[in-house]
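Just so we're on the same page: letters track the sequence lines, and every chain starts at 1. Bear in mind that the values here come from a model prediction, so they are computed numbers and not experimental data. Quick note: numbers below take in every heavy atom, side chains included, and nothing from hydrogens, waters or symmetry partners.
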Number of protein chains: 2
Amino acid sequence: MMGRMSATSTPRPGRGRPARLDPERTVTVALDLLDEVGLDALTMRRLAEAMGVRAGALYRYFATKHDLLTAMAERILAEHALPAAESMASATSATSADSASVPEGPAGEWDERAAALAYALRGALLAHRDGARVYAGTHSFGPGTLGFADALVGVVREAGLDDPDAARGALAIVHFTLGHTLEEQAARGGAPDARTSPERLRAAVGSDDRHPHLRAVLPTLAAADFEAHFAFGLRLVLDGLRTHRRRL
Amino acid sequence: MMGRMSATSTPRPGRGRPARLDPERTVTVALDLLDEVGLDALTMRRLAEAMGVRAGALYRYFATKHDLLTAMAERILAEHALPAAESMASATSATSADSASVPEGPAGEWDERAAALAYALRGALLAHRDGARVYAGTHSFGPGTLGFADALVGVVREAGLDDPDAARGALAIVHFTLGHTLEEQAARGGAPDARTSPERLRAAVGSDDRHPHLRAVLPTLAAADFEAHFAFGLRLVLDGLRTHRRRL
DNA sequence: ACCTGAACACCGTTCAAGT
DNA sequence: ACCTGAACACCGTTCAAGT
């Protein structure tokens, strides 16, 4: 609530030059540019141009490009994943205070809520071009990231796991989601001229007796239905958590 | 076996200049350099220097830096993950031909073998500095990558899943392993001067009432026992596969 | 306080020319 | 056939100087 991200003096309205640059707007423009040109072409110079400023000026608010990328990752989580986490929290307290009258509240059981959070994270990473790569390359400790993580750990704890297992269960969900979205965006956003992934897989494994298993599942892999892949993998992890819970 | 990676004319021994450059050696030196300086400092010019050649010469065998990185990823899989996959395959045929006399063969049940393959993949990605990032940024279709994938899909099919589910089960294992190792290497190999991840987590969540769940699991997260995290997450996925199998 | 101009020390990639 | 030399079009980052 109070000056979390912007310890740097807030520009007083009307005093001095109207700053063309501030951290919030810089991140906003950077995310727009990311969607336009992709991570590999997102340079400090291009971003400066998009902000009507020279490249050196960006270093007043971000010490390095990596710091800017971290702020972008934080914004992505805060905008797309944190809302789901927060609606979850309010639904939780409502349910615990009034559990009988709301048989299937808006948030549902722990496993439904864990799934909703995983989907929210996937949605956040897919919301911007190369979002997963930006997220994987940085380590934000901002309110969006921490708020989401707290909610996810909370849901797993609620499932009945002890603290170490809850931490590891949440990590498993995050790591699977990260790996999945990384591959999903790599398969989609590839160079527009390059052959698409399914095509290349077909060519590599199509008529070759050395990989009989890959050949058998080729139709599924070539279909590239990433949502179905995600749903299945997530179900495996959540079923695993259920199994673990019963062993208590 | 026959000219798989090297369609480029093999240098005839003794004829002409002894080529200082060839794809195999280039990849070998590149992986050594990767371990020394890390992915961000692995440049074509540095690599050229390490090979006693000028940067432009590298482009005779690799059209782009990305192609070189793809060859590096393929080598990593071929060297560290494929052997496990192949020993698995031979154990399988031995078991199926002689299943009674080898009650617990060297390869074991499908879930033990799936776990062994997942650990082999993790080991491969951890075998080189930034190995997970190299792997995540490329898409190899070489014999190492395909051979490993084939073995993994084979094990999951053997568990009794139908083809679409087997493909998705294998993907889940790979994606979880990728996400996990990415985070593991990011947490370890961070800038040597920067504060380490656990420290920063402690600082961010240590005495703050807004993230009670994170605070509760902080000891586990700060311990950074990545092997335990991996073991737990993998068990969740494999338990999920077992559950799924029973539903047939 | 905020930004420019200009520089420093690099990049990936291309390609005529040498041997 | 294989590699050099030199260039092209960029990078991230720094910092004195301007306003």
Expressed as a whole number of angstroms, how long is the span from [X]:[atom1] to [N]:[atom2]?
{"X": "B:Arg25", "N": "D:dC2", "atom1": "CZ", "atom2": "P", "result": "14 Å"}
{"X": "B:Arg60", "N": "D:dA1", "atom1": "CZ", "atom2": "P", "result": "9 Å"}
{"X": "B:Asp22", "N": "D:dA1", "atom1": "CG", "atom2": "P", "result": "17 Å"}
{"X": "B:Phe62", "N": "C:dT14", "atom1": "CZ", "atom2": "P", "result": "15 Å"}
{"X": "B:Met51", "N": "D:dT4", "atom1": "CE", "atom2": "C1'", "result": "16 Å"}
{"X": "A:Asp40", "N": "D:dC11", "atom1": "CG", "atom2": "P", "result": "12 Å"}
{"X": "A:Met44", "N": "C:dC3", "atom1": "CE", "atom2": "P", "result": "14 Å"}
{"X": "A:Tyr59", "N": "C:dC2", "atom1": "OH", "atom2": "C1'", "result": "17 Å"}

The side chain of [X] is closest to which nucleotide in this list: [options]?
{"X": "B:Thr64", "options": "C:dT13, D:dT13, C:dC3", "value": "C:dT13"}
{"X": "A:Lys65", "options": "C:dC3, D:dT4, D:dT13", "value": "D:dT13"}
{"X": "B:Tyr61", "options": "C:dC3, D:dC3, D:dT13", "value": "D:dC3"}
{"X": "A:Thr43", "options": "D:dC3, C:dC11, D:dG12", "value": "D:dG12"}

Problem - Carboxylate-amine/guanidinium proximity below 4.0 Å for A:Arg215 and A:Asp209 - result: yes
Handout entry: Pairing of A:Glu49 and A:Arg45 as salt bridge, 4.0 angstrom limit
Key = no
Problem - Full working for side-chain contact (heavy atoms from CB on, under 4.5 Å) between B:Leu42 and B:Met72 - result: CA-CA 12 Å; B:Leu42 179 70; B:Met72 291 167 67; 3.8 Å; yes
Exercise for the section: Decide side-chain contact (heavy atoms from CB on, under 4.5 Å) for A:Leu77 and A:Tyr135; before the verdict, give the C-alpha distance in whole Å, the side-chain angles of both, and the deciding distance to 0.1 Å. Expected result: CA-CA 9 Å; A:Leu77 270 275; A:Tyr135 178 81; 3.7 Å; yes
Exercise for the section: Would you please classify the geometry between the B:Phe230 ring and the B:Phe176 ring as parallel, tilted or perpendicular, with 30° and 60° separating the classes? Expected result: parallel
Handout entry: Heavy atoms from other residues, nucleotides or ligands near CZ of B:Arg25 exceed 12 (cutoff 6.0 Å)
Key = yes
Handout entry: Side-chain donor-acceptor pair present, A:Arg75, A:Ser140, cut-off under 3.5 Å
Key = no
Handout entry: Polar side chain donor-acceptor pair, B:His213 to A:Asp150, under 3.5 angstrom
Key = no
N/O to N/O distances under 3.5 Å, protein versus nucleotides 7-9 of chain C:
none

Practice task
Using the P atom on both, measure C:dC10 against D:dA9 and round to a whole Å.
Solution key: 22 Å
Practice task
Report yes if the distance between the aromatic ring centroids of B:Phe226 and B:His229 is under 6.0 Å, otherwise no.
Solution key: yes
Practice task
For C:dC3, take OP1 and OP2 only and decide whether either is under 4.0 Å from a side-chain N or O of A:Arg54.
Solution key: no
Fill in the blank from the handout: One should report the stems of DNA chain C, each a stretch of at least three consecutive Watson-Crick or G-U pairs at distances under 3.5 Å, as C:4-8 with D:12-16, C:12-16 with D:4-8
